[in-house]
Every structure is written in structure tokens, then in C-alpha cells.
Amino acid sequence: MKQSLTILLFLLPTISISLCEPLDPKQVKALQSLNIPTTKDPCSQPSLVCDTSTPLRHLTTLQLSNCTSPHLSLSFAALKSLSTLHTLLLLNCPFTSTASPTHFPSQLASTLRSLTSVNSLRNISAVSLSHLRNLTHLTLSNLTIKASAPYVLFSHISNLQTLTISHANLAGSLPKHIHSPNLTYIDLSSNNLRGNIPSSITMLDTLQVLILSSNQLKGEIPYSIGDLISLKNLSLDSNSFSGSLPDSLSAIPGLVHLDLSSNQLNGTIPAFISQMSNLKHLNLANNLLRGVLPFNSTFIDKLQVFKVGGNGNLCYNRSVLSSKLKLDIAPCDKFGRPVSPPPSKQKRSSADDSSSDGDYDEGDYDDGGATVSHKKEHHHGPNKLVLGVAIALSSMVFLVVFLILCSKCCR
Ligand SMILES: *[C@@H]1O[C@H](CO)[C@@H](O)[C@H](O)[C@H]1NC(C)=O
Ligand SMILES: *[C@@H]1O[C@H](CO)[C@@H](O)[C@H](O)[C@H]1NC(C)=O
Ligand SMILES: *[C@@H]1O[C@H](CO)[C@@H](O)[C@H](O)[C@H]1NC(C)=O
Ligand SMILES: *[C@@H]1O[C@H](CO)[C@@H](O)[C@H](O)[C@H]1NC(C)=O
Ligand SMILES: *[C@@H]1O[C@H](CO)[C@@H](O)[C@H](O)[C@H]1NC(C)=O
Ligand SMILES: *[C@@H]1O[C@H](CO)[C@@H](O)[C@H](O)[C@H]1NC(C)=O
Ligand SMILES: *[C@@H]1O[C@H](CO)[C@@H](O)[C@H](O)[C@H]1NC(C)=O
């Protein structure tokens with residue numbers, strides 16, 4: 001205790017001295033090229049963090065957001081003099097890149113730990129990203145990544161903890177082998193990813209968030225997804241996944257957010273979902289799911305978001321759930337199928353007379369009047385007799401009237 005206090009007392013003057021050291025002039029120049037005012041002590045600005053080295057201080061963090069300058073550019077020379085940065089964050093600073101795509105000098109590439117560009121850099125090559133080998137946090141959005149395939153990204157950045165690449169035109173398939181032992185967060189939403197989720201996804205057992213929304217992924221959701229036991233958020237919506245919901249999902253105890261909407265998932269909704277006690281957001285809308293919804297209102301009320309609409313063959317049990325819940329699906333009949341929605345007015349009225357005799361089958365319904373009238377003749381023999389008698393009687397009456405008239409005329 002005493003010892004640490006003396007160390008602190010010894011350090012304090014050095015810290016305060018180093019706080020007065022000037023910023024490396026090369027870095028001052030780089031800041032000026034980015035239209036960052038440097039008249040006052042640049043290190044005192046909230047968007048910058050400097051180290052305490054002597055005789056010159058160096059930048060460790062640079063944050064630029066909501067830039068208003070019209071022709072901002074991030075030159076290679078500027079990046080080179082900013083090679084002491086650990087954190088580079090660019091938010092809504094649209095750069096007119098002179099050197100395109102953006103390329104990172106090797107010194108910066110090994111120093112950088114966290115890189116964020118949202119609606120700022122225009123394009124980056126995947127190879128250039130793969131050189132950022134000490135990176136732990138990468139967030140890129142609203143730019144173009146020039147990549148032969150995403151595996152280039154994963155193959156070298158093995159220290160990654162969080163990875164977000166969205167709205168980046170990222171094409172290709174997910175890598176078969178992702179070896180990032182500390183990865184907890186993946187968001188690759190709104191790209192052009194194709195193919196399946198490889199079953200080797202199970203290697204990412206530290207993963208807490210997996211967001212692959214709005215791509216062109218297909219195939220079944222692999223059974224091994226259940227090995228991602230740390231998952232809290234699984235968003236696979238707006239792809240072309242098919243097959244049924246894997247039972248292995250029941251092995252993920254901490255799932256909070258499950259969005260599988262807008263795919264072609266089929267089969268029934270497994271009842272185990274109602275046992276997932278941490279679930280807050282469940283979206284299964286717009287799929288091909290069928291059968292009776294296996295949930296009661298205790299479960300549904302507990303959720304913040306619950307969506308199952310847009311599954312034509314899914315229905316809810318009227319004795320379990322109230323129609324007040326507005327689930328956007330039909331109630332079930334006694335066979336567990338949706339009660340058919342009332343057909344349109346015209347079709348019903350034209351078909352009503354023919355089917356009212358209870359001898360209704362689908363074929364007649366479709367063929368319309370012709371089949372129906374044919375069927376009537378066939379089934380209603382006695383009616384023909386009545387008609388015949390009626391015709392005979394009326395012609396007799398006509399004949400009598402004619403004869404009477406005739407006899408009057410001839411007189
Ligand atoms: C940037 O602008 C957005 C809204 O346009 C605002 O929410 C945000 O706080 C701003 N950020 C900074 C650092 O000024
Ligand atoms: C970056 O990582 C390499 C190992 O890949 C290591 O040798 C180097 O010291 C790291 N650089 C920095 C600045 O942390
Ligand atoms: C993973 O994280 C641990 C603890 O934060 C660290 O010691 C280890 O070096 C990291 N491994 C890799 C490959 O980054
Ligand atoms: C899960 O991911 C979605 C995006 O798909 C996001 O909107 C939501 O906030 C995330 N929820 C949690 C708990 O991480
Ligand atoms: C569900 O989808 C899979 C894959 O598309 C298909 O093989 C299977 O026959 C479908 N099952 C049903 C009941 O429609
Ligand atoms: C609702 O379903 C859950 C899970 O299946 C069950 O534990 C609970 O007892 C049910 N509640 C009612 C009121 O039926
Ligand atoms: C609806 O629920 C009731 C009461 O739990 C049950 O007896 C009935 O079989 C269920 N109907 C269907 C179609 O599942």
C-alpha cells in the first residue's frame with residue numbers, strides 16, 4: 001500500500017509534465033488535413049486521445065463524426081503519420097477517397113485494435129483488412145468491400161472479438177473454418193452472402209450474437225447451431241433458409257432474441273420454445289410453418305415482440321388463446337388446421353344453390369354450372385316426371401282454349 005503510494009507520488013509529476021508535451025508535428029499536420037482545428041492543444045479535444053510519451057506525444061484514438069466539410073479525404077500519407085492509433089472511429093464522415101480503395105500502412109495495420117467506419121470510407125479491400133492482424137473490434141457499414149470471398153477476412157484476423165460488416169456488398173459464402181477463439185459478436189447483415197451456414201460454425205462456441213439477416217443464404221439451419229451455447233441473439237431473417245427449426249435450439253439456454261422471419265422454414269413450431277425462459281423477442285413470421293401454435297398466453301405475454309403472421313397453414317387453438325391477441329393467423333378447426341377464411345362473396349353465392357343439397361365435392365365446385373346442372377338431371381329423376389306432366393297439362397289447357405276460340409270464330 002505504502003509502496004504503491006510512493007510510486008504514484010513519483011509518477012504524478014511525470015504525468016503532468018508529459019501532459020504539457022506537444023503533439024508530434026507530423027500528426028498535427030495529418031489532423032489539419034482532416035479539417036480538425038489544432039490551434040489549441042489538440043489532445044484536449046474530446047474526439048482525440050493522446051499518449052503521454054516524451055518529448056512528443058502521439059495519438060492513440062481518433063474519432064471523427066458528423067463531418068460537414070464537403071471534400072474530406074483520408075490520404076495514405078495522413079494514415080501513415082497516424083500509425084500510433086489504437087482506435088480509429090469514423091461516423092458519417094463521407095470521404096472522397098483519393099487512393100481508392102483505402103489501404104492501411106503496415107505500421108498502422110499492426111497497431112490498430114479497433115476500426116469503425118460507418119457511412120465514411122467508400123471502399124476497402126479485404127486483403128488490406130486481413131493485414132490488420134492485431135484488430136479486436138471491426139465495424140464497417142455502408143461501404144464496398146472488395147473481396148474474393150469472406151474467408152480472406154477471417155483467415156488473418158484471429159484476435160477479433162466483435163465483427164460487423166453490413167451494407168458492404170460482401171459476396172461469397174461463409175468460410176468453412178473460422179478460427180477466432182475470442183469472437184463474441186458477428187453481424188454480417190445486408191450483404192450478398194450465398195450458400196449454407198457451415199456446420200463448423202460450432203467452432204465459435206464463445207459467440208453471443210450471430211446476425212446474418214438480409215443475405216441470400218439457403219439450406220437448412222445446421223443442427224450444430226445448438227453448440228453455440230453462449231448465444232443470446234440469433235437473427236437469420238430475410239434469407240432463403242428451408243427445412244424445419246432444429247431441435248438443437250433447445251440447448252441454447254440464454255437465447256433472448258430469435259428472429260427467423262422471412263425464410264422458407266417449414267414443419268411445425270416446436271413446443272420447447274415455450275421453455276426458453278430468457279426469450280424476449282420471437283419472430284417466425286413469413287415462413288411456411290404449419291400446425292397448431294404450441295404456446296399459451298402466459299408465454300406470449302412475457303415476450304416483448306412476438307410475430308407469427310404470414311404462415312398460411314399455421315393456426316391457434318381457440319380454447320387456449322384469445323383472438324384479442326391479434327396473432328395474424330387463423331384459429332384452428334378440430335383437426336388442427338386453420339379454419340378456411342370465408343370465400344369471396346360472388347363465388348359463394350353462385351355455388352350456394354348447387355352445393356345446398358349437401359352433395360358437394362371440390363370438382364363440381366371448380367367446374368361451375370355445367371357439371372352442377374348435369375348432376376341435377378341425374379339425381380332428380382322424379383322432377384323430370386313432374387316437368388313432363390306440367391308440360392302435358394299446359395298444352396292440354398292451350399289446346400282447349402284454342403278450340404274454344406276457334407269454335408267462336410267459325411260461328
Ligand atoms: C451525429 O449526428 C447524429 C444525428 O444526425 C446525432 O444523433 C449524434 O449524436 C451526432 N454525433 C456527434 C458525435 O455529434
Ligand atoms: C501485433 O501482433 C503481433 C503478432 O501478430 C505482435 O508481434 C505485435 O507486437 C503486435 N503489435 C502491437 C503494436 O501490438
Ligand atoms: C483471447 O482472450 C484472452 C483473454 O482476453 C487472451 O489472453 C488471449 O490471448 C486471446 N486469444 C486470442 C487468440 O486473441
Ligand atoms: C439482436 O439483433 C438485432 C438485429 O438483428 C438487434 O436489433 C437487437 O437489438 C439485438 N438484440 C440483442 C439483445 O442483442
Ligand atoms: C420442408 O422443406 C424441406 C427442404 O426444402 C423439404 O425437403 C421437405 O420436404 C419440406 N417438408 C414439408 C413437410 O413440406
Ligand atoms: C403455459 O405454458 C407453459 C410452458 O409450456 C407452462 O409451464 C404453463 O403452465 C402454461 N400456463 C398455463 C396457464 O397453462
Ligand atoms: C385445443 O385445446 C384443447 C384444450 O387444451 C384440447 O382439448 C384440443 O385438443 C386442442 N385442439 C387442437 C386442435 O389442438
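Remember, it's 1-based here, ligands and their atoms both numbered in the order they're listed.
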Item to complete: Starting from atom 1 (C) of ligand 5, locate the nearest protein heavy atom and write down its residue, its atom name and how far away it is, to 0.1 Å.
Response: Asn266 ND2, 1.4 Å
Worksheet item: What do you think, any protein heavy atom under 4.0 angstrom from atom 14 (O) of ligand 1?
Response: yes
Discussion item. Strictly less than 4.0 Å: does any protein heavy-atom distance to atom 9 (O) of ligand 7 fall in that range?
Written reply: no
Worksheet, complete the sentence: of all protein heavy atoms, closest to atom 3 (C) of ligand 7 is Ser319 OG, 3.3 Å
Worksheet item: What atoms of ligand 5 come within less than 4.0 Å of a heavy atom belonging to Gly243?
Response: 2 (O), 4 (C)
Discussion item. Under a 3.5 Å threshold, yes or no: a donor from one side chain and an acceptor from the other, between Thr202 and Asp227?
Written reply: yes
Discussion item. Test your reading of the structure: does Asn66 have an N or O sitting under 3.5 Å from an N or O of ligand 1?
Written reply: yes
Item to complete: Determine whether more than 12 heavy atoms belonging to other residues, nucleotides or ligands lie under 6.0 Å from atom CD1 of Ile229.
Response: no
Worksheet item: Got more than 12 heavy atoms from elsewhere within 6.0 Å of NZ, Lys307?
Response: no
Worksheet entry | Identity and separation of the nearest protein heavy atom to atom 11 (N) of ligand 7 | Asn317 ND2, 3.0 Å
Practice prompt. Examine ligand 7 and decide if any of its atoms is less than 4.0 Å from a heavy atom belonging to Gly336.
Written response: yes
Fill in: Residue pair Pro22 / Pro55: nearest heavy atoms and the distance that separates them
CD-O, 3.7 Å
Practice prompt. Search all heavy atoms of Leu56 against all heavy atoms of Pro25 and return the closest pair with its distance.
Written response: CD1-CD, 3.8 Å
Worksheet, complete the sentence: ligand 7 to Asp333, heavy atom cutoff 4.0 Å, flagged ligand atoms 13 (C)
Worksheet item: If you count the atoms of ligand 5 from 1 in the order shown, which ones are under 4.0 Å from a heavy atom of Ser242?
Response: 4 (C), 5 (O)
Item to complete: Considering heavy atoms of the protein only, find what lies nearest to atom 5 (O) of ligand 7 and give residue, atom and distance to 0.1 Å.
Response: Val320 CG2, 4.2 Å
Discussion item. Under 4.0 Å from a heavy atom of Ser65: which atoms of ligand 1 are those, numbered in the order shown and with their elements?
Written reply: 12 (C), 13 (C)
Worksheet item: Between Phe295 and Phe306, does the ring centre distance come in under 6.0 Å?
Response: yes
Worksheet item: Can you find a heavy atom in the side chain of Ile225 that is under 4.5 Å from one in the side chain of Leu234?
Response: yes
Practice prompt. Return yes when atom NZ of Lys29 has more than 12 non-hydrogen atoms of other residues, nucleotides or ligands closer than 6.0 Å, and no otherwise.
Written response: no
